[in-house]
Amino acid sequence: MTILSSQKASLSFEVFPPSTKSTIASLYASLSQMEDLRPDFISVTCSNRQLSLEESTVKIATHIQRRHQVASLVHLTAAYLTKSQVDTVLESLQEKHISHILALRGDLYDELPRSPDFQYAGDLIAYIKEWDPSFAISAACYPEGHPESATTLADISHLRDKVAAGADQLITQLFLDNELFYQFQEKCWLAGINVPLIAGIMPVVNKRQAERIIRGTRVKLPKKFLAILEKYADNPVALRDAGLAYAIDQIVDLVTQGVSGIHLYTMNQAGIARSIYEATQSLFASTEPNRTAVIS
């Protein structure tokens with residue numbers, strides 16, 4: 001891992017491991033369709049309910065690097081991994097020349113016993129950095145505050161701990177109001193958090209996705225976004241077009257304001273990635289970010 005001064009904001013994608021063989025074929029087809037977009041990296045999520053990281057997340061990340069020659073980022077969650085399991089994954093990543101990890105605590109489930117080895121994401125970050133400092137580590141952050149944080153001050157304090165443990169850059173959860181991102185960015189800088197802050201953008205392109213966000217997150221829904229949902233709720237094509245336009249508008253504003261990078265939650269849909277790339281590619285080619293970027 002090296003940290004270099006980037007002459008442009010980064011553009012990266014996120015995909016997730018499908019649940020069946022048929023959908024894994026669909027994901028591989030989508031990745032092939034994204035290849036010519038040349039993202040800076042593609043991240044592959046994991047779930048605490050997955051039985052095998054090696055057969056899901058790591059396998060897909062390896063495919064991305066070997067088949068498509070794009071750097072991959074592997075998600076690792078602290079809550080249910082032991083040190084022995086992490087050792088095994090890190091050894092596998094080294095063998096496969098994957099050097100970038102997104103270290104998370106991960107979702108908690110009442111029916112699953114926690115690992116005693118890692119309480120928080122910061123514990124996992126510190127362990128990986130001690131294991132091999134050459135790994136580039138990203139960490140998650142929440143512009144509107146972590147759902148479990150009592151106060152914004154506590155949330156920023158925990159984020160600073162993750163950076164002190166070795167996080168090289170931060171990737172935000174989705175947000176729909178850019179002003180909240182800018183306020184969060186300023187709080188980070190004031191707290192001495194100076195690593196690159198990558199903005200996570202999720203285009204909302206269907207009604208079910210919108211309902212899931214409304215039910216399951218604390219994301220603020222701006223009036224402009226609510227108006228789109230109300231007007232086009234029963235028109236799937238119009239809702240998709242309006243949702244893409246909303247995300248593009250967010251990205252244009254963020255890149256113009258000097259964001260370090262955009263991390264696009266693609267939902268495994270190449271068409272979404274391509275639509276946004278084609279609408280914004282010239283911005284990434286000509287915009288210098290506010291902060292240095294992590295290159296792995």
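Just so we're clear, the structure is a prediction, and the values are computed from it rather than from any experiment.
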Heavy-atom side-chain proximity of Leu53 to Lys59 below 4.5 angstrom: no
Criterion side-chain contact (heavy atoms from CB on, under 4.5 Å) on Trp189 and Ile193, from CA distance to verdict: CA-CA 5 Å; Trp189 290 347; Ile193 300 171; over 6 Å; no
Any link between Leu180 and Tyr246 through a network of hydrophobic side chains (Ile, Leu, Val, Met, Phe, Trp, Tyr) touching at under 4.5 Å? no
Could you check whether any side-chain heavy atom of Leu76 comes within less than 4.5 Å of a side-chain heavy atom of Cys46, counting everything from C-beta outward? no
Judged by atom type as modelled, is there a donor-acceptor pair below 3.5 Å linking the side chain of Thr280 to the main-chain atoms of Leu283? no
Would you say Cys141 and Leu197 make side-chain contact, with heavy atoms under 4.5 Å? yes
Distance-minimising heavy-atom pair for Ala140 and Lys162: O-NZ, 2.8 Å
Kindly determine whether Asp123 and Arg105 satisfy salt bridge (charged side-chain N to carboxylate O under 4.0 Å, His left out), including the steps that lead there. CA-CA 9 Å; Asp123 301 326; Arg105 186 200 67 182; over 6 Å; no
Among residues two or more places apart or on two chains, list those pairs meeting salt bridge (charged side-chain N to carboxylate O under 4.0 Å, His left out) that have a residue in residues 79-99. Glu54-Lys96
More than 12 heavy atoms from other groups under 6.0 Å of CZ on Arg208: no
Any side-chain heavy atom of Phe184 sitting closer than 4.5 Å to one from Leu159? yes
So, the side chain of Ser115 versus the backbone of Leu81: is there a donor-acceptor pair under 3.5 Å, distance only? yes
Closest non-hydrogen atom pair between Ser30 and Ala270, with its separation: O-CB, 3.6 Å
Taking Glu186 for the side chain and Gln183 for the main chain, is one N or O donor matched with an acceptor at less than 3.5 Å? no
Ile64 and Val44: side-chain contact (heavy atoms from CB on, under 4.5 Å), yes or no, with the steps? CA-CA 9 Å; Ile64 289 168; Val44 186; 3.7 Å; yes
Smallest heavy-atom separation, Leu264 atom then Ala273 atom, equals CD2-CA, 3.9 Å
Show your reasoning for whether side-chain contact (heavy atoms from CB on, under 4.5 Å) applies to Val15 and Leu31. CA-CA 9 Å; Val15 298; Leu31 288 168; 4.2 Å; yes
Which class fits the ring pair His100 and Phe41: parallel under 30°, tilted 30 to 60°, perpendicular over 60°? tilted
Can you find a pair of side-chain heavy atoms, one from Asp168 and one from Phe135, that are under 4.5 Å apart? no
Closest contact, heavy atoms only, Ser275 versus Arg240: OG-NH2, 4.5 Å
Flag the pair Asn268 / Pro18 as yes when at least one side-chain heavy-atom distance between them is below 4.5 Å, and no otherwise. yes
Which distance, rounded to the nearest 0.5 Å, do you find between the CG of Leu239 and the CG of Asn206? 7.0 Å
Interatomic distance, CD1@Ile201 vs CG@Leu254, rounded to 0.5 Å, equals 5.5 Å
Check whether Ile42 and Phe16 end up in the same hydrophobic cluster, where Ile, Leu, Val, Met, Phe, Trp and Tyr are linked by side-chain heavy atoms less than 4.5 Å apart. no
Counting N and O atoms only, with roles assigned by atom type, does the side chain of Arg274 sit under 3.5 Å from a partner on the main chain of Gln33, one being a donor and the other an acceptor? yes
Looking only at heavy atoms, which two atoms of Ile98 and Val74 are closest? And how far apart? CG2-CG2, 4.0 Å
Output for pair (Glu55 CD, Ile60 CD1), nearest 0.5 Å, gives 10.5 Å
Same cluster or not: are Leu170 and Leu153 linked, directly or through other Ile, Leu, Val, Met, Phe, Trp or Tyr residues, by side-chain heavy atoms under 4.5 angstrom apart? no
Heavy-atom check, side chain of Lys8 versus side chain of Asp40, under 4.5 Å: yes
Gln65 side chain vs Ser72 backbone, donor-acceptor pair below 3.5 Å: yes
Can you measure from OH (Tyr142) to CZ (Phe175) and round to the nearest 0.5 angstrom? 14.5 Å
In a table with atom names and distances, give each donor-acceptor pair under 3.5 Å that connects a side chain of residues 228-235 to protein atoms at least two apart or in another chain.
unit_1 : atom_1 : unit_2 : atom_2 : d
Asn235 : OD1    : Val237 : N      : 3.4
Asn235 : OD1    : Ala238 : N      : 3.1

Tyr120, Ile156: one ILVMFWY side-chain cluster at the under-4.5 Å cut-off? no
Indicate, with yes or no, if the rings of His263 and Phe13 have centres closer together than 6.0 Å. no
Classify the ring geometry of His63 against His68: parallel below 30°, tilted from 30° to 60°, perpendicular beyond 60°. perpendicular
State the CD-OG distance between Gln185 and Ser260, to the nearest 0.5 angstrom. 7.0 Å
Going by atom types alone, do Asp253 and Tyr182 pair a side-chain donor with an acceptor below 3.5 Å? yes
Which atom of Pro39 lies closest to which atom of Ser12, heavy atoms considered: CB-CA, 4.3 Å
Rounded distance [0.5 Å steps], CD1 in Ile101 versus CG in Leu124: 7.5 Å
Short N-O contact, Asp177 and Lys224, less than 4.0 angstrom: no
Please check: side-chain N/O of Gln119 versus main-chain N/O of Pro116, any donor-acceptor pairing under 3.5 Å? no
Over 12 foreign heavy atoms within 6.0 Å of CZ, Arg114: yes
Keeping Thr57 on the side-chain end and Thr45 on the backbone end, is there a donor-acceptor pair under 3.5 Å? yes
Hey, does the side chain of Thr23 reach the backbone of Ser26 with a donor-acceptor pair shorter than 3.5 angstrom? no
Let me see the working for Glu14 and Met202 under side-chain contact (heavy atoms from CB on, under 4.5 Å), right down to the final yes or no. CA-CA 10 Å; Glu14 178 180 287; Met202 178 181 286; over 6 Å; no
Report yes if some heavy atom in the side chain of Asp117 is under 4.5 Å from a heavy atom in the side chain of Tyr127; otherwise report no. no
